[in-house]
Structure formats: structure tokens, C-alpha cells
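Chain A is the first sequence line, chain B the second, and so forth, proteins listed ahead of strands; every chain is numbered from 1.
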Amino acid sequence: MRLYDTARRAVVPFQPRDNRVGMYVCGITPYDAAHMGHAFAYHVFDVIARRLILLDVDVHHVRNITDVDDDILRVARERNADYRTVGDAQVQRFDRDMADIGLLPVDAAPRATMHVAEMVRWIARLHEEGYAYEQAGWVFFDTAKFPRYGRLSGLDVATMTALSRERGADPDDPRKHNPLDFVLWQQSAAGEPSWPSPWSDGRPGWHIECSVLSTGELGHPIDLHGGGDDLIYPHHDSEIAQAEAIGVAPYVTHWVHVAMVRHQGEKMSKSLRNLVFVRDVLERVPGPTVRILLAAHHYRESWTYDEDELREADERRQRYHVAMQSDATLDSDDAQDYERQFLERLDDDLDTPGALRIIDLAAAALTHGAVRSRGGPVKAEEVLGRLLDTIGARAARRSESVGPAA
RNA sequence: GGCGACGUAGCCAAGUGGUAAGGCAGAGGUCUGCAAAACCUUCAUCGUGGGUUCGAUUCCCACCGUCGCCUCCA
């Protein structure tokens with residue numbers, strides 16, 4: 001299987017070592033419902049996992065949960081609730097949404113709050129080795145000590161600095177030695193949850209959890225680490241820095257990033273309030289339709305969610321359904337041929353749109369009932385079922401696969 | 001500034017190392033009292049400039065243009 005690697009900037013063979021793959025995907029902060037951007041990202045890694053499993057690879061799929069950060073604390077405050085209550089409820093909703101669009105359960109979903117002690121140890125080590133400094137209870141990573149900082153994103157320090165100034169970020173925080181230094185540990189404000197540490201009763205910065213959770217579950221190097229492409233900088237660049245600085249290197253062998261989903265002309269994001277929630281889409285179409293819609297887009301190309309495409313995806317799902325319900329069969333030779341082409345598309349940098357086109361052909365052949373007998377018949381249900389299963393778009397139940405979109 | 005994607009007829013869009021599917025629109029026609037519908041016909045040298053090749057839209061390089069992302073973020 002060939003996949004684009006962000007670090008090498010090329011489509012390269014993805015080589016599992018020992019037939020085992022540790023895959024770590026940056027998960028959600030559970031304070032709001034999952035939107036189509038989340039669905040797209042996690043769908044992509046689900047397809048990768050399914051394809052690897054088909055190749056007989058033992059996949060260990062880990063997706064973390066950032067259950068303490070500014071956003072979730074803010075929401076908890078607004079609702080006058082405990083942040084853990086907010087988090088638990090959102091995690092449940094998230095799991096349900098993902099299950100309903102047919103994502104395989106991940107093998108581990110570690111939560112940041114369960115591993116703060118390890119984070120403290122990690123930060124302490126960075127501090128001891130001179131990669132971090134303390135300022136009144138806060139600890140910052142010293143990017144000047146790590147010259148490779150920013151290499152994943154391809155940004156050099158000067159550009160990053162200039163950019164952050166332009167964006168009105170906070171590079172001028174007087175506590176920072178360098179504008180790009182990032183928070184490893186922060187002192188908790190009154191009323192915020194806190195954990196003991198040598199520097200203050202506080203809580204971890206955003207980036208540290210992923211280095212700790214990923215290597216905690218998978219060791220290193222991580223075979224495949226991914227997430228949305230908005231995480232490349234600063235999140236993943238910072239992960240690399242804090243890991244490789246203390247010898248957890250190489251940290252990751254293959255980076256996979258998924259493009260952004262847009263809506264109404266802009267990136268779907270919380271701050272723009274242009275979210276399309278997975279649940280709302282599922283109210284109108286079955287899970288497989290959502291998967292077909294997502295699979296119709298290549299993971300490295302950003303796309304715009306729109307209703308026409310949702311309708312087309314549902315029509316496609318219905319065509320597949322009709323083909324699968326038919327009595328038609330294909331010769332085993334032809335069936336194998338479709339499957340081979342389908343997998344070839346997937347193995348070529350996860351070309352799911354191309355793979356869908358192969359399913360279209362197979363479905364058309366079945367509905368047109370072209371049956372020849374050469375090598376024995378293969379049932380429609382079996383041919384299409386296997387292909388659809390690989391992209392998570394096989395109807396779970398018969399009742400789920402009938403009826404038009406609302 | 002960096003990274004990425006894309007640039008095929010008026011629009012949408014498939015595709016391949018050997019002289020470009022399809023759909024919509026348009027034009028002409030058949031049919032019709034007129035029109036509509038239907039049907040038939042017609043409509044592109046594939047962003048620009050180089051290179052590789054017997055031959056490139058398809059491979060490589062440069063350039064131009066469009067778009068997306070870049071310390072809340074999947």
C-alpha cells in the first residue's frame with residue numbers, strides 16, 4: 001500500500017514492520033457534537049485500518065480524547081457542570097455517531113486526564129535536559145533548543161514568527177523566551193481542575209498529551225500518526241519537538257493528514273459556526289450513504305459539503321442496494337477482477353473515489369445481469385458486500401438500506 | 001513566506017504515452033398547424049514555455065493562474 005507521507009512530501013510505500021501497525025490518530029476535545037469534518041478524518045483512518053486488516057496486518061488503532069482544555073472548561077462553566085460530566089456525555093455521543101456511520105471501534109481511546117502523571121514526568125525530563133523553562137508555575141518548551149522545530153510543516157522559525165505576529169496571536173507573551181515557544185504545563189486558575197507537579201498545581205498544555213499517550217500505547221516509532229491537516233502546525237511539529245528532544249526518535253515513521261471539509265465557502269469550524277453535524281445528516285440518510293459521500297472525496301483534497309452531493313451519494317447507495325438484492329451473479333473471474341481493481345485503487349494513496357468507480361462498474365454489471373458461466377458464479381451480495389465493507393459502507397441491517405433520502 | 005490541490009469546449013466533468021467519454025447550454029435538422037417533448041447531427045489540438053520520446057493532454061522542469069490550510073481547530 002502506498003500513502004502520502006507529510007514529512008517526506010511524497011507518496012511512498014507504507015511498510016508495516018513485523019506485520020503489526022501502531023496507528024495513532026488525534027481525536028476530539030469532547031465539548032461539542034461531531035461534525036462532518038470529524039467524520040471525514042476518522043473515516044479515512046478507518047478505511048486505512050480496514051485495508052490493512054485485509055492485508056492480514058495486526059492493526060493497533062489508537063485515538064485519544066482531550067478531555068481537559070480551555071474549551072471544555074469553558075463549556076462546563078457555562079452549563080454550571082463538572083467538566084468530566086460534559087466530557088463523558090460528549091464522548092458517548094461521539095462514539096454513537098461514529099458507530100452509526102460504520103466506523104470500527106478503535107483499540108484504545110486514552111484520555112488525557114488519566115495520564116497526567118506521565119506527562120509531568122515527561123515535562124520534567126524536558127526541563128532537566130534544558131529543553132524547557134519555568135516561568136511562575138508555567139513551563140514552556142524552548143523552541144530555540146530544537147533547531148528542527150517546524151520541519152514537518154516546512155515552516156522556518158522566522159516565517160512562523162512573522163506569521164504569528166500577523167495573525168495577532170500571542171508571540172509577545174512576556175514569559176516566553178521565543179515567540180514560538182509553547183506551553184507544556186500551565187498553572188490552573190481558581191476553580192479549574194489541577195494536578196500536582198514540581199512547578200504548580202496545574203494542567204498540561206495541549207501538545208504534550210499526544211506524545212505521552214501515543215508512545216504509551218504504541219511505543220516508538222509510531223508507524224502511522226495522523227489527523228486533520230490543520231494539526232500539522234503547530235500540534236504535530238510540537239509533538240515531534242518534545243519527543244525527539246529527549247531521544248524518543250524517530251517519533252513517527254509515516255504522517256498522514258486529512259484535508260479540511262468546508263461548508264458555505266469556508267472551512268467547517270467551531271468558530272465560524274458553519275458546522276454540519278453528523279447526527280443531523282444521519283437523521284436523513286443511512287450510515288452507508290454518509291460513508292459513500294465521504295469516500296467520494298480523496299483524503300488529501302478539501303471539499304465542500306453540499307446537499308446535492310448527499311443526494312447523489314444516497315442514489316449511489318440505492319443503486320448498490322438494488323444490485324445486491326438482485327439474483328444476478330458474476331463469474332468468479334470477473335468478480336476477482338473487480339476486487340483486484342478496487343484494491344489497487346485503495347492501495348494507490350487511498351484513492352477511494354476511484355475505488356467507488358469500480359464498485360459502480362460491478363454494480364452496473366450485476367443490474368444489467370450479464371452472467372456468463374466461466375469459473376463459477378459469485379452472488380451479487382457477496383461481490384459488492386465485500387467491497388463496500390472495505391470502505392465501511394455496507395448496510396448494517398436490511399431495513400437500514402432501503403428507502404430514499406429524506 | 002511555507003505546504004498542498006487544481007487548471008480539459010460557455011458551464012460541470014471523465015480519461016489515456018499514439019492524434020480527447022458524458023451531461024447541461026448553444027447551433028442545425030427530423031417530426032409538428034405553431035410550439036414543446038423526443039430523436040438525429042454539430043461544437044475542444046486538454047493554462048503557458050521548455051524537456052524526455054518515433055510520438056504527450058497524459059511523464060519531467062520552470063512559469064502563470066485559481067483555491068485550500070498554516071499556534072481554537074479533524
Side-chain angles (χ1 to χ4, degrees), chain A residues 4-11 25-46 63-66 69-75 94 97-98 103 140-141 143 149-173 176 178-183 205-207 210 225-239 241 255-263 265-276 278 294 297-304 308-309 312 349 353-354 357 360-361:
Chain A
Y4 187 85
D5 173 32
T6 309
R8 281 172 279 182
R9 304 180 201 298
V11 175
V25 180
C26 287
I28 54 160
T29 298
Y31 72 98
D32 200 357
H35 59 247
M36 290 298 282
H38 295 120
F40 186 50
Y42 301 131
H43 149 263
V44 166
F45 294 103
D46 183 69
R63 187 171 58 219
N64 71 301
I65 296 168
T66 304
D69 85 336
D70 290 343
D71 287 316
I72 193 166
L73 293 177
R74 193 198 70 238
V75 170
F94 177 80
D97 289 347
M98 295 302 113
L103 295 195
F140 294 90
F141 185 89
T143 51
Y149 187 67
R151 199 159 77 177
L152 180 68
S153 60
L155 298 170
D156 60 71
V157 171
T159 330
M160 285 187 274
T161 309
L163 261 174
S164 66
R165 282 182 200 291
E166 227 170 80
R167 301 288 161 98
D170 192 17
D172 297 321
D173 184 330
K176 293 182 179 179
N178 180 296
L180 299 175
D181 294 350
F182 56 89
V183 176
W206 174 35
H207 310 304
C210 281
H225 186 145
D229 70 12
D230 55 348
L231 297 180
I232 296 172
Y233 179 77
H235 188 52
H236 291 332
D237 265 321
S238 300
E239 276 186 58
W255 287 95
V256 171
H257 290 98
V258 179
M260 294 293 106
V261 177
R262 287 177 284 156
H263 185 49
E266 291 196 85
K267 172 181 163 184
M268 207 177 270
S269 90
K270 290 151 193 163
S271 52
L272 294 172
R273 300 178 184 217
N274 61 343
L275 303 179
V276 176
V278 174
L294 299 175
H297 295 97
H298 186 81
Y299 77 97
R300 286 198 287 132
E301 258 180 83
S302 71
W303 52 284
T304 299
D308 288 344
E309 281 192 28
E312 282 167 25
D349 197 26
R357 267 179 250 124
D360 287 342
L361 293 176

Provide the distance between the two [atom1] atoms, one in [N] and one in [M], to the nearest whole Å.
{"N": "B/A14", "M": "B/C64", "atom1": "C1'", "value": "26 Å"}
{"N": "B/C43", "M": "B/G10", "atom1": "C1'", "value": "11 Å"}
{"N": "B/C11", "M": "B/A25", "atom1": "P", "value": "16 Å"}
{"N": "B/G49", "M": "B/C67", "atom1": "C1'", "value": "23 Å"}
{"N": "B/U45", "M": "B/U57", "atom1": "C1'", "value": "9 Å"}
{"N": "B/G2", "M": "B/U58", "atom1": "C1'", "value": "29 Å"}
{"N": "B/A27", "M": "B/G68", "atom1": "C1'", "value": "39 Å"}
{"N": "B/A36", "M": "B/C31", "atom1": "C1'", "value": "12 Å"}

Qualifying residue for side-chain contact (heavy atoms from CB on, under 4.5 Å) with A/Arg300, from A/Val11, A/Thr6, A/Val44:
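For A/Arg300, the side-chain contact (heavy atoms from CB on, under 4.5 Å) check succeeds only for A/Val11.
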Among A/Leu73, A/Ile72, A/Asp70, A/Thr66, side-chain contact (heavy atoms from CB on, under 4.5 Å) partner for A/Tyr31:
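Passing option: A/Ile72.
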[N] pairs with which nucleotide, Watson-Crick or G-U wobble, both distances below 3.5 Å?
{"N": "B/A62", "result": "B/U48"}
{"N": "B/C43", "result": "none"}
{"N": "B/A25", "result": "none"}
{"N": "B/C34", "result": "none"}
{"N": "B/C69", "result": "B/G2"}
{"N": "B/A74", "result": "none"}
{"N": "B/G55", "result": "none"}
{"N": "B/G17", "result": "none"}

Do you see a donor-acceptor pair shorter than 3.5 Å between the side chains of A/Asp71 and A/Thr29?
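No, no side-chain donor-acceptor contact under 3.5 Å.
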So which one's nearest nucleotide on RNA chain B is more toward 5', A/Phe182 or A/Ala41?
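Residue closer to the 5' terminus by nearest nucleotide: A/Phe182.
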Of all the nucleotides listed ([options]), which has the minimum atom distance to the side chain of [X]?
{"X": "A/Glu301", "options": "B/C6, B/A74, B/G4", "result": "B/C6"}
{"X": "A/Cys26", "options": "B/G68, B/A74, B/G4", "result": "B/A74"}
{"X": "A/Arg9", "options": "B/G68, B/G4, B/A74", "result": "B/G4"}

Going by the rule ring-ring contact (aromatic ring centres under 6.0 Å, His included), which residues pair with A/Phe141 if we only count those two or more places apart in sequence or in a different chain?
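Listed in chain order: A/Phe182.
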Looking across every strand, which nucleic acid part, if any, lies under 4.0 Å from [X] by heavy atom: base, sugar-phosphate, or nothing?
{"X": "A/His207", "result": "nothing"}
{"X": "A/Leu155", "result": "base"}
{"X": "A/Asp230", "result": "base"}
{"X": "A/Gly27", "result": "sugar-phosphate"}
{"X": "A/Thr159", "result": "base"}
{"X": "A/Gly227", "result": "sugar-phosphate"}
{"X": "A/Phe40", "result": "nothing"}
{"X": "A/Val25", "result": "nothing"}

Rounded distance in Å - [atom1] ([X]) to [atom2] ([N]):
{"X": "A/Asp349", "N": "B/G4", "atom1": "CG", "atom2": "P", "value": "13 Å"}
{"X": "A/Asp32", "N": "B/C72", "atom1": "CG", "atom2": "P", "value": "17 Å"}
{"X": "A/Tyr42", "N": "B/A74", "atom1": "OH", "atom2": "P", "value": "6 Å"}
{"X": "A/Leu180", "N": "B/G2", "atom1": "CG", "atom2": "C1'", "value": "14 Å"}
{"X": "A/Asp237", "N": "B/C69", "atom1": "CG", "atom2": "C1'", "value": "14 Å"}
{"X": "A/Ile232", "N": "B/A74", "atom1": "CD1", "atom2": "C1'", "value": "12 Å"}
{"X": "A/His298", "N": "B/C67", "atom1": "NE2", "atom2": "P", "value": "22 Å"}
{"X": "A/Arg8", "N": "B/G4", "atom1": "CZ", "atom2": "P", "value": "14 Å"}

A/Arg300 side chain near B/A5 phosphate (N/O to OP1/OP2, under 4.0 Å):
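Yes.
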OP1 or OP2 of B/G4 sitting under 4.0 Å from any side-chain N/O of A/Tyr4?
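So the side-chain polar atoms of A/Tyr4 do come within 4.0 Å of the phosphate oxygens OP1 or OP2 of B/G4, strictly under.
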Measuring from A/Glu301:CD to A/Met260:CE, what's the distance to the nearest 0.5 Å?
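It comes to 14.0 Å.
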Looking at side-chain heavy atoms only, is the closest gap between A/His257 and A/Leu152 below 4.5 Å?
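In short, these two side chains touch, coming nearer than 4.5 Å.
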Side-chain heavy atoms of A/Val258 within contact of A/His43, under 4.5 Å
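No, side chains not in contact.
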Among A/His235, A/Glu239, A/His236, exactly one meets side chain to side chain donor-acceptor pair (under 3.5 Å) together with A/His207. Which residue is that?
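The option that passes is A/His235.
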